[in-house]
Amino acid sequence: SVGRLALANPRPAANLQAGPAIGRNITVDEQRLSTLRVLVVDDQPHVRDWVVGVLGGMGVQHVTAAAGGREALAAVAKPGIRFHLILVDLHMPEMDGIELIRSFGAMGVDATVAVMSVESERVMDTASALAEAHGLRVLGTVPKPLTAEKLEPILARMFEPPPADAWEAQNADALDFEEAFGGRQL
């Protein structure tokens, strides 16, 4: 079956090739996708090139590729640059995806994150939970090899507002901690 990327308030859609060697059409809101700024972080050049190609085939025009954590940190630290989505590989030399996620959280990076890896779903879910614990909005996980079909739900979530109770839940936890410390319950 042909996957469809459904977006809120869709503008006229265009049929685009879904990426390198995918060989099928998908319907996307080309104008909205063309405005996204995506950072792809993977140490393997062929994987970076593939992901950039898949994103380009889906209509994403502003993609920056980083060969590792240090390059990614330099990219997000540039003045005036904001990425809407950061795709992070977990296994990289020097600084792995977990360390990078921690660094993004410590820097207060304002971006959504998706974890991509060959690791098990459990490992990717754990990395996602870590990212959320560091204040990052996580859109999901993408098992490698990445394809347009696997990426479509992630991009669709880019245009959904965060859950209304996410802020309340996060701050309720902080208030609970303050109350517990104040009452010397901990």
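Given the structure is predicted, the values throughout are model-derived calculations rather than measurements. Atom set for the values below is all heavy atoms of this structure, side chains included, hydrogens, waters and symmetry mates excluded.
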Would you mind reporting whether L33 and M158 have side-chain heavy atoms less than 4.5 Å apart?
no
Are K150 and M116 packed together at the side-chain level, in the sense that at least one heavy-atom pair is separated by less than 4.5 angstrom?
no
Do the non-hydrogen side-chain atoms of L85 and V60 ever get within less than 4.5 Å of each other?
no
Interatomic distance, OG1@T112 vs NE2@H84, rounded to 0.5 Å, equals 8.5 Å
To the nearest 0.5 Å, how far apart are OG1 in T141 and CG in L90?
9.5 Å
Minimum side-chain heavy-atom gap H46-D49 below 4.5 Å
no
Is L87 reachable from I98 through a run of I, L, V, M, F, W or Y residues, each pair having side-chain heavy atoms under 4.5 Å apart?
no
Taking it one step at a time, do V51 and D42 satisfy side chain to side chain contact (heavy atoms under 4.5 Å, CB included)?
CA-CA 9 Å; V51 174; D42 197 297; over 6 Å; no
For H62, give me all partners under side-chain hydrogen bond (donor to acceptor under 3.5 Å, both in side chains), at least two apart in sequence or on another chain.
none
Answer yes or no: is there a side-chain heavy-atom contact under 4.5 Å between E121 and P143?
no
When hydrophobic residues are tied together by side-chain contacts of less than 4.5 Å, even through go-betweens, does V138 share a cluster with L130?
no
Atom pair CD/CD of E149 and E152 - distance to nearest 0.5 Å
6.5 Å
With distance as the sole test, does R48 use its side chain to make a donor-acceptor pair with the main-chain N or O of A65 at under 3.5 Å?
no
Looking at NE2 of H134 and CE of M107, how far apart are the two atoms once the value is rounded to the nearest 0.5 Å?
13.5 Å
Cluster overlap V113 with V38, hydrophobic side-chain contacts below 4.5 Å:
no
Check S103 against L73 and note the closest heavy-atom contact, atom names and distance.
CB-CD2, 3.7 Å
Are any non-hydrogen side-chain atoms of L36 and L155 less than 4.5 angstrom apart?
yes
Report yes or no: do V41 and L146 belong to one cluster of Ile/Leu/Val/Met/Phe/Trp/Tyr joined by side chain heavy-atom distances under 4.5 Å?
no
Could you measure the distance from the CZ atom of R37 to the CD1 atom of I86? Nearest 0.5 Å is fine.
11.5 Å
What about V142 and F159, same hydrophobic cluster or not, with Ile/Leu/Val/Met/Phe/Trp/Tyr joined at side-chain heavy-atom distances under 4.5 Å?
yes
To check you understand the geometry: which heavy-atom pair defines the closest contact between I154 and G140, and what is its length?
CD1-CA, 3.7 Å
Has the side chain of E71 got a donor or acceptor atom that lies under 3.5 Å from a matching backbone atom of G68?
no
Side chains of V115 and I101: does their closest heavy-atom pair fall under 4.5 Å?
yes
Residue set satisfying salt bridge (Lys or Arg N to Asp or Glu O under 4.0 Å) with D110, at least two apart, ordered chain then number -> R82
Inter-residue atom distance L39.CG - F104.CZ, 0.5 Å rounding:
6.0 Å
So do the side chains of K144 and D89 get within less than 4.5 Å of each other, counting heavy atoms only?
yes
Minimal heavy-atom distance between A66 and A72, with the atoms involved, is CB-N, 3.7 Å
